[in-house]
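Numbers here simply count residues along the sequence, with the first being 1.
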Amino acid sequence: LTGCGFGDVKRTLVSLIADHTTFEGEAVEENSAEAKYFHKIRTCAFTVLSNALDAMGGTDVFEDQCLADEEWAGEDGFLSVLLKEMNQATSRPHDAYLAGKSIKTILENSSRMRSNVSQLEATRIILDAQTVGKGYPLLNNVSESLLEILGEAK
């Protein structure tokens, strides 16, 4: 996710996750075979991202190198994209879980991202995902952990 050869991998993952409604600039029909294929690829990208962040978390270079880019922060940043995915928990609970797992690793390892996430309606989104997660234990657990990190645990 950082440095020399991993820049292309990071860009590809971000592209697959953030821009999932188009392929080569053209819209993909919602229930088409292409859309189903891209959803599967997107889920794989979420899995790779969450596992890579988890593996890098806790290292000395995580915040300085992995999260140094401004593309992670702000309303248009990748953290916002992950929160938007959590906001879709009703229709895609597994993807919401993977997004939440990524957010959890980011927030556990970056004070800068913890302060940034408070500006993105994170608590409301996570509480909504937790409600959906009552029937999906992985999503429920990651939502509870995120609320604890944000100091909003009940």
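- Taken from OG in Ser80 to CG in Leu120, the straight-line distance is 5.0 Å, to the nearest 0.5 Å.
- Residues Lys104 and Leu53 fail the side-chain proximity criterion, which asks for heavy atoms closer than 4.5 Å.
- The distance from the CG atom of Asp54 to the CD1 atom of Ile106 is 11.5 Å, given to the nearest 0.5 Å.
- Between Arg114 and Glu108, the closest side-chain pair of non-hydrogen atoms is not below 4.5 Å.
- Between Phe78 and Leu49 there is a side-chain heavy-atom pair separated by less than 4.5 Å.
- For Arg124, the salt bridge (Lys or Arg N to Asp or Glu O under 4.0 Å) partners are Glu121, Asp128, not counting sequence neighbours.
- Qualifying side-chain hydrogen bond (donor to acceptor under 3.5 Å, both in side chains) partners for Thr43, counting only residues two or more places apart in sequence or in other chains: Asp95.
- Considering every non-hydrogen atom in both Gly133 and Asn140, the closest pair reads O-CB, 3.1 Å.
- Under the rule for a ring pair (Phe, Tyr, Trp, His ring centres under 6.0 Å), the partners of Tyr97 that lie at least two apart in sequence or sit in another chain are His94.
- Panel note: side chain Asn87, backbone Leu83; no donor-acceptor pair is recorded below 3.5 Å.
- A salt bridge links Arg42 with Glu85; the closest basic N to acidic carboxylate O contact falls under 4.0 Å.
- Shown are Asn51, Leu138, Thr47; of these, the side chain to side chain contact (heavy atoms under 4.5 Å, CB included) with Lys101 is made only by Asn51.
- The CD atom of Glu148 lies 13.0 Å from the CG atom of Leu107; values are rounded to the nearest 0.5 Å.
- Looking only at side-chain heavy atoms (C-beta outward), Val142 and Ile103 stay at 4.5 Å or farther from each other.
- Within a 6.0 Å radius of NZ in Lys134, other residues, nucleotides and ligands contribute more than 12 heavy atoms.
- Of all heavy-atom pairs between Leu82 and Ala99, the closest is O-CB, 3.5 Å.
- From Leu146, atom CG reaches atom CG of Asn141 across 11.0 Å, with rounding to the nearest 0.5 Å.
- Residue Glu144 holds its CD atom at 12.0 Å from CD1 of Ile149, rounded to the nearest 0.5 Å.
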side-chain contact (heavy atoms from CB on, under 4.5 Å) between Leu139 and Met86, intermediate numbers included: CA-CA 9 Å; Leu139 179 57; Met86 280 198 80; 4.2 Å; yes

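- Contact detail for Ile126 and Ser143: the closest heavy-atom pair is CG2-O, 3.5 Å.
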